[in-house]
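I have placed the structure first, in the form of structure tokens, so that the comments after it can refer back to it.
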Amino acid sequence: MPELPEVEITRRGIAPHVIGRRVERIDVYDRRLRWPVPADLETRLRGLTIDRVDRRSKYLLFHVGEAALLVHLGMTGTLRTWHDPPPRKPHDHVDITFDDGTVLRYRDPRRFGAMLWVASTADGHPLLDALGPEPFDAAFDADYLWRVTRRRHAAIKLALMDNRVVTGVGNIYANEALFRAGIRPSTPANRVSKARLARLVVAVRAVLEAAIAKGGSTLRDFVGSDGAAGYFQLEYFVYARAGAACRVCKRPIRQSRLGQRSSFYCAHCQPR
DNA sequence: CTTTTGACCTGACAGC
DNA sequence: TGCTGTCAGGTCAAAA
């Protein structure tokens with residue numbers, strides 16, 4: 001579910017409730033996430049104070065001194081804070097209780113998410129070390145995109161969704177950004193001109209910013225840290241709109257498949 | 001190196 | 001009311 005905007009919404013919602021708070025207890029009800037929740041997580045984290053909450057790609061990092069708790073929401077994960085949490089429901093896998101009684105609850109029906117321990121953020125972590133630039137980094141520009149796509153013959157949409165190229169862009173926002181940039185998703189990456197890559201950089205940032213401003217996208221189950229839904233799905237130009245009229249030219253939106261993911265585009269607004 | 005495919009897991013929905 | 005098949009926001013690992 002969550003792409004960069006939803007993870008960022010989660011981060012902003014949670015940070016004020018947990019920064020400066022000391023972890024009093026950790027209850028892991030089900031360790032079977034994408035990787036098992038480390039058996040020693042409780043003993044490592046208990047008693048430590050959260051200094052900062054960062055987002056890197058779609059990962060959240062709860063910094064505690066040199067170390068950090070790393071959380072990924074997978075496809076269906078949500079993190080919510082409660083002052084007085086309701087009874088645990090199925091798929092509520094972890095509760096972290098702070099010294100002021102705040103409870104941070106991790107829920108993830110499909111269990112594609114992760115909760116791991118990073119011993120030293122200075123030393124890096126295998127999941128973080130190979131990541132490309134953040135979309136809002138100055139390093140993500142047309143020259144950079146041009147350089148890293150020279151040997152890529154596969155579709156530009158696959159490059160855009162590759163976290164080594166740029167982080168945080170998933171299926172929804174890749175489709176939306178390519179529409180805004182007027183680029184057909186199936187175009188081989190190395191055949192997109194530098195001028196159009198420059199448009200793509202602008203479009204990626206614009207769509208992510210707009211989504212964050214709307215609280216992210218709630219398709220099935222995403223909610224922010226306070227339980228509020230997002231509304232950006234109402235502004236989609238192409239995603240999940242197969243057969244519907246293009247908001248710009250009124251021609252039908254088409255659907256295809258690239259790398260086992262649904263792709264949506266307007267054949268007129270996104271010419272070959 | 002790039003590219004493709006399968007795998008992980010649950011729930012929702014369409015069609016029979 | 002079942003049952004089966006398909007699809008879903010992610011991304012890793014293996015194989016080509």
Side-chain angles (χ1 to χ4, degrees), chain A residues 1-11 29-37 55-60 70-79 89-93 106-116 125-132 135 147-178 185-191 204 207-208 211-212 214-224 229-236 238-243 255-264:
Chain A
M1 153 222 31
E3 300 185 33
L4 183 151
E6 292 75 27
V7 178
E8 181 62 21
I9 290 292
T10 299
R11 186 191 72 78
Y29 308 109
D30 194 340
R31 315 194 87 92
R32 299 171 306 163
L33 301 183
R34 168 145 201 183
W35 298 280
V37 177
R55 179 190 57 74
R56 174 74 173 109
S57 186
K58 296 167 191 165
Y59 298 97
L60 287 172
L70 177 151
V71 178
H72 194 288
L73 302 178
M75 289 274 260
T76 52
T78 52
L79 274 173
K89 288 204 216 164
H91 312 306
D92 289 341
H93 303 313
Y106 178 80
R107 174 181 171 79
D108 185 4
R110 287 176 78 176
R111 307 205 314 271
F112 280 0
M115 194 169 288
L116 297 170
H125 188 277
L127 291 174
L128 305 175
D129 295 343
L131 294 171
R147 188 157 41 79
V148 298
T149 50
R150 285 317 81 200
R151 282 176 181 75
R152 297 186 87 119
H153 183 260
I156 183 69
K157 175 162 177 270
L158 297 175
L160 196 53
M161 293 178 64
D162 184 336
N163 281 325
R164 295 167 305 181
V165 172
V166 62
T167 62
V169 182
N171 199 33
I172 293 175
Y173 300 110
N175 278 297
E176 294 296 315
L178 287 163
S186 56
T187 308
N190 60 0
R191 290 190 43 220
V204 165
V207 74
L208 296 176
I212 291 169
K214 292 283 174 179
S217 297
T218 296
L219 295 187
R220 290 168 192 79
D221 43 20
F222 172 74
V223 288
Y231 292 95
F232 189 70
Q233 68 279 7
L234 302 175
E235 298 183 19
Y236 291 167
V238 290
Y239 183 78
R241 297 193 68 240
Q255 180 170 3
S256 69
R257 210 138 178 100
L258 292 170
Q260 301 167 307
R261 312 300 295 276
S262 285
S263 296
F264 303 89

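Reminder, nothing fancy here: chain letters follow the sequence lines and each chain counts from 1. Every heavy atom of this structure was used, including side-chain atoms; hydrogens, water molecules and symmetry mates were not.
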Legend entry - P-based separation of dG6(B) from dT6(C) [nearest Å]: 13 Å
Inset, instruction - Counting Watson-Crick and G-U wobble pairs whose two distances are both under 3.5 Å, find the runs of 3 or more in a row that involve DNA chain C. - result: B:2-8 with C:10-16, B:10-16 with C:2-8
Legend entry - Sole residue of Thr218(A), Val207(A), Ile212(A), Ile172(A) in side-chain contact (heavy atoms from CB on, under 4.5 Å) with Phe232(A): Val207(A)
Inset, instruction - Hey, can you tell me if His72(A) and Tyr59(A) have their rings parallel, tilted or perpendicular (30° and 60° cut-offs)? - result: perpendicular
Inset, instruction - Please check if any side-chain donor atom of Tyr236(A) sits under 3.5 Å from a side-chain acceptor atom of Ser217(A), or the reverse. - result: yes
Legend entry - Ile172(A) CD1 to dT11(C) P, straight-line distance once rounded to whole Å: 13 Å
Inset, instruction - To the nearest Å, give me how far apart CD (Glu3(A)) and P (dA8(C)) are. - result: 13 Å
Legend entry - Sugar-phosphate only, base, or nothing, as touched by Arg257(A) at under 4.0 Å among non-hydrogen atoms: sugar-phosphate
Legend entry - Validation row: His93(A), Tyr29(A) side chains within 4.5 angstrom (heavy atoms): no
Legend entry - From Glu8(A), Glu235(A), Glu6(A), residue fulfilling salt bridge (Lys or Arg N to Asp or Glu O under 4.0 Å) relative to Lys214(A): Glu235(A)
Legend entry - Atom pair CG/OG1 of Asp108(A) and Thr78(A) - distance to nearest 0.5 Å: 7.5 Å
Legend entry - Boundaries of the DNA chain B segment in contact with chain A, non-hydrogen, under 4.0 Å: dT2(B) to dG11(B)
Inset, instruction - Could you pull out all residues at least two apart from Arg241(A) that satisfy side-chain hydrogen bond (donor to acceptor under 3.5 Å, both in side chains)? - result: none
Legend entry - Inter- and intrachain pairs under salt bridge (Lys or Arg N to Asp or Glu O under 4.0 Å), touching residues 150-160 of chain A, at least two apart: Arg152(A)-Asp162(A)
Inset, instruction - Identify, between His153(A) and Arg110(A), the residue whose nearest nucleotide on DNA chain B lies closer to the 5' end. - result: His153(A)
Legend entry - Any Arg261(A) side-chain nitrogen or oxygen under 4.0 Å from OP1 or OP2 of dT11(C): no
Inset, instruction - Identify, with sequence neighbours excluded, every residue that meets side chain to side chain contact (heavy atoms under 4.5 Å, CB included) alongside Asn163(A). - result: Ser57(A), Leu131(A), Thr167(A)
Inset, instruction - In whole angstrom, give the distance that lies between atom CG of Leu33(A) and atom P of dG10(C). - result: 17 Å
Inset, instruction - Grab the CD-P distance between Gln233(A) and dA8(C) for me, whole Å please. - result: 17 Å
Inset, instruction - Find the distance between CG (Leu4(A)) and CZ (Arg11(A)) and round it off to the nearest 0.5 Å. - result: 10.0 Å
Legend entry - Spacing between Lys58(A) atom NZ and dT11(C) atom C1', to the nearest angstrom: 8 Å
Table of protein N/O atoms under 3.5 Å from nucleotides 12-16 of chain C N/O atoms:
| from | atom 1 | to | atom 2 | distance (Å) |
| --- | --- | --- | --- | --- |
| dC12(C) | OP1 | Tyr59(A) | OH | 3.3 |
| dC12(C) | O4' | Arg34(A) | NH2 | 2.5 |

Inset, instruction - Would you tell me whether Ser262(A) and Arg257(A) have side-chain atoms, one donor and one acceptor, within less than 3.5 Å of each other? - result: yes
